[in-house]
Amino acid sequence: MRRFILGCVLLSLSSTILAASPRHNKHIHEVERSNHVQLGQRPFFLVDDMSESPLKQQLQQCARKGYFTARDFSIGHRGASLQFPEHTMESYVAAARMGAGIVECDVTFTKDKELVCRHAQNDLHTTTNILATPLASKCTQAFVPATLDASGNLLTPATAECRTSDITLAEFKTLRGKMDAFNPRARTVDEYLGGTANWRTDLYSGPTSGTLMTHQESIELFKQLGVKMTPELKSASVTMPFEGFTQEAYAQKMIDEYKRAGVHPNRVWAQSFDVRDVLYWVRNERAFGRQAVYLDDANTVADLPSQAELVNYKSQGINIVAPPIFALLSADASGRIVPSQHARNARSAGLDIITWSLERSGLLADGNNGFYYQTFDSAIKTEGDMLRVLDVLARDVGVIGVFSDWPATTTFYANCANQR
């Protein structure tokens with residue numbers, strides 16, 4: 001089992017980035033993971049909240065052992081974004097502390113075509129403090145306040161749009177990450193920057209946290225933390241080619257940064273929702289393409305690919321698909337959570353499956369749990385049912401990994417169920 005020497009170390013940056021960033025002397029408090037990870041209270045709360053069952057008894061017995069190790073089954077979705085601002089150094093470190101064996105950097109680019117970690121090219125207005133800085137003047141769309149009628153009813157919501165491609169890398173590095181949220185009723189920028197869901201927290205979004213990262217910096221941090229890497233090439237909000245920067249060059253640049261950093265391809269799961277990106281890697285970067293992940297953007301069951309389409313993916317060299325959780329599960333007449341037809345189709349096509357994303361739906365016991373639970377919400381009664389979801393995904397569907405906003409949950413389950 002991997003052992004990592006923990007300590008307080010400086011992140012190694014290129015001289016260009018050092019010169020560009022006013023925070024280049026910030027120390028990274030690396031995760032002292034060794035073999036032992038820190039799960040906190042949440043996984044054990046979920047076990048206690050389960051209805052009585054053999055699975056609950058198994059997990060209760062496992063909980064008593066008190067010693068857990070990092071697992072590749074546990075994937076840090078944007079880090080540990082249930083409580084930490086996504087794609088920040090602090091979020092990534094928290095995910096590694098909770099035993100995520102793989103951590104995600106969503107990849108987009110700046111005005112000067114440098115790769116950075118953001119969930120979308122056009123989300124700076126909701127995931128950073130840009131609107132409260134002088135860089136707001138460079139945003140694609142300036143902040144426009146909400147309009148309300150005399151009774152306080154919302155007429156038009158507050159709007160803004162700020163893209164990484166609006167600013168240079170040096171400017172990007174002056175920003176601070178915050179929880180992804182906004183207040184549609186905002187009349188001021190300060191109000192707009194609020195709106196965090198009540199089941200999340202702003203405790204880690206202060207003026208000394210929320211450290212934004214370039215893609216290269218994330219690679220170096222992940223190497224130091226001893227975690228594997230799953231970068232997602234995000235669709236551009238600008239028209240491609242962007243000032244001569246083609247989609248193919250964008251896809252290649254992401255892989256090149258791993259190659260220059262000396263990262264072995266078996267430690268990288270490159271992802272994209274665009275099949276053309278995945279096939280580019282399959283055909284042009286075969287070592288990385290072998291475990292490239294084709295993300296499925298289906299919003300409903302009707303949007304899912306057919307059996308024939310899944311077979312075609314495999315024939316083109318795609319080995320891993322990643323649909324949302326709802327695509328893989330159903331509820332039967334007795335209220336059991338069971339594999340869906342789509343899950344069976346993917347497995348019969350010879351595809352490995354990763355799924356997304358656990359811990360993104362807030363409270364479960366109040367019902368109406370939205371997108372991720374749409375096909376089996378009738379079977380969800382308690383917060384602890386999240387572990388039943390994981391169990392069916394692992395044992396019956398056979399997924400090889402689960403993205404989670406709070407990786408301690410998936411790490412705990414993987415230890416108890418002997419998932420790698």
Any donor-acceptor pair under 3.5 Å from [X] side chain to [Y] backbone:
X: S74; Y: A70; result: no
X: T246; Y: A249; result: yes
X: K178; Y: T126; result: yes
X: R78; Y: D405; result: no
X: R200; Y: S81; result: yes
X: T355; Y: I325; result: yes
X: D49; Y: E383; result: yes
X: D377; Y: N369; result: yes
X: D166; Y: T140; result: yes
X: N284; Y: W281; result: no

Check: [X] ring centre within less than 6.0 Å of [Y] ring centre:
X: F242; Y: F109; value: yes
X: H215; Y: Y258; value: yes
X: F326; Y: Y373; value: no
X: F273; Y: Y294; value: no

Might you point out which heavy atoms bring [X] and [Y] nearest each other, and give the distance in Å?
X: A80; Y: A94; value: CB-CB, 3.9 Å
X: T411; Y: T69; value: CG2-O, 3.6 Å
X: G362; Y: W199; value: CA-CD2, 3.3 Å
X: D277; Y: A251; value: OD1-CB, 4.5 Å
X: A158; Y: Y192; value: CB-CD1, 3.7 Å
X: L55; Y: M50; value: CD2-CE, 3.7 Å

I'd like to know if [X] pairs up with [Y] as an ion pair, taking the criterion as any Lys NZ or Arg NE/NH1/NH2 lying under 4.0 Å from an Asp or Glu carboxylate oxygen.
X: E257; Y: K259; answer: no
X: E86; Y: R118; answer: no
X: R420; Y: D72; answer: yes
X: E359; Y: R42; answer: yes

Rounded distance [0.5 Å steps], [atom1] in [X] versus [atom2] in [Y]:
X: L135; Y: T174; atom1: CG; atom2: OG1; answer: 5.0 Å
X: L175; Y: I167; atom1: CG; atom2: CD1; answer: 5.0 Å
X: I219; Y: K223; atom1: CD1; atom2: NZ; answer: 8.0 Å
X: R395; Y: D391; atom1: CZ; atom2: CG; answer: 4.5 Å
X: F288; Y: N266; atom1: CZ; atom2: CG; answer: 9.5 Å
X: L193; Y: N183; atom1: CG; atom2: CG; answer: 10.0 Å

Original post:
Where do Q252 and Y280 land on the side-chain hydrogen bond (donor to acceptor under 3.5 Å, both in side chains) test, with the steps shown first?
Top reply: CA-CA 9 Å; Q252 186 63 53; Y280 176 86; 2.7 Å; yes
**OP:** Applying side-chain contact (heavy atoms from CB on, under 4.5 Å), name anything that partners D303, two or more places apart in sequence or on another chain.
**Re:** A298, N299, T300
For [X], I'd like to know if atom [atom1] has over 12 heavy atoms of other residues, nucleotides or ligands within 6.0 Å.
X: K113; atom1: NZ; answer: yes
X: R286; atom1: CZ; answer: no
X: Q61; atom1: CD; answer: no

Would you mind reporting whether [Y] and [X] have side-chain heavy atoms less than 4.5 Å apart?
X: C162; Y: L131; result: yes
X: L358; Y: F403; result: no
X: L212; Y: V116; result: no
X: M386; Y: L390; result: no
X: L295; Y: W356; result: yes
X: H125; Y: F182; result: no
X: L328; Y: I353; result: yes
X: V268; Y: T230; result: no

**OP:** Just do the side-chain contact (heavy atoms from CB on, under 4.5 Å) check on Q291 and N319 with the steps written out, would you?
**Re:** CA-CA 6 Å; Q291 55 187 34; N319 295 316; over 6 Å; no
Subject >> From CA spacing to verdict: side-chain contact (heavy atoms from CB on, under 4.5 Å), I380, V389 >> reply: CA-CA 9 Å; I380 301 299; V389 170; 4.0 Å; yes
Original post:
Please walk me through it: do E90 and R97 pass salt bridge (Lys or Arg N to Asp or Glu O under 4.0 Å)?
Top reply: CA-CA 11 Å; E90 293 82 359; R97 277 205 177 99; over 6 Å; no
Subject >> Residue that, paired with N122, satisfies side-chain hydrogen bond (donor to acceptor under 3.5 Å, both in side chains) out of Q141, K234, E161, R163 >> reply: E161
Checking side-chain polar atoms at under 3.5 Å, does [X] have a donor or acceptor matched by the opposite partner on [Y]?
X: D112; Y: T168; result: no
X: Q307; Y: Q341; result: no
X: Y92; Y: E104; result: no
X: H87; Y: D106; result: yes

Original post:
Are K138 and E171 close enough, and set up right, to give a salt bridge (Lys or Arg N to Asp or Glu O under 4.0 Å), and what steps lead you there?
Top reply: CA-CA 10 Å; K138 298 191 174 186; E171 291 167 332; 2.4 Å; yes
**OP:** Start with the C-alpha distance between R388 and D385, add both sets of side-chain angles, then the distance that settles salt bridge (Lys or Arg N to Asp or Glu O under 4.0 Å), and finish with yes or no.
**Re:** CA-CA 5 Å; R388 284 204 297 141; D385 283 336; 2.9 Å; yes
**OP:** Could you please spell out the steps behind the side-chain contact (heavy atoms from CB on, under 4.5 Å) verdict for T382 and L364?
**Re:** CA-CA 6 Å; T382 72; L364 301 183; over 6 Å; no
**OP:** Please assess V338 against D396 for the test side-chain contact (heavy atoms from CB on, under 4.5 Å), listing each intermediate value before the final yes or no.
**Re:** CA-CA 8 Å; V338 297; D396 300 331; over 6 Å; no
Original post:
Applying disulfide (SG to SG under 2.5 Å), which residue pairs with at least one partner in residues 382-416 are found, sequence neighbours left out?
Top reply: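 Checked against disulfide (SG to SG under 2.5 Å) - neighbours excluded - the pairs reaching residues 382-416 are C62-C416.
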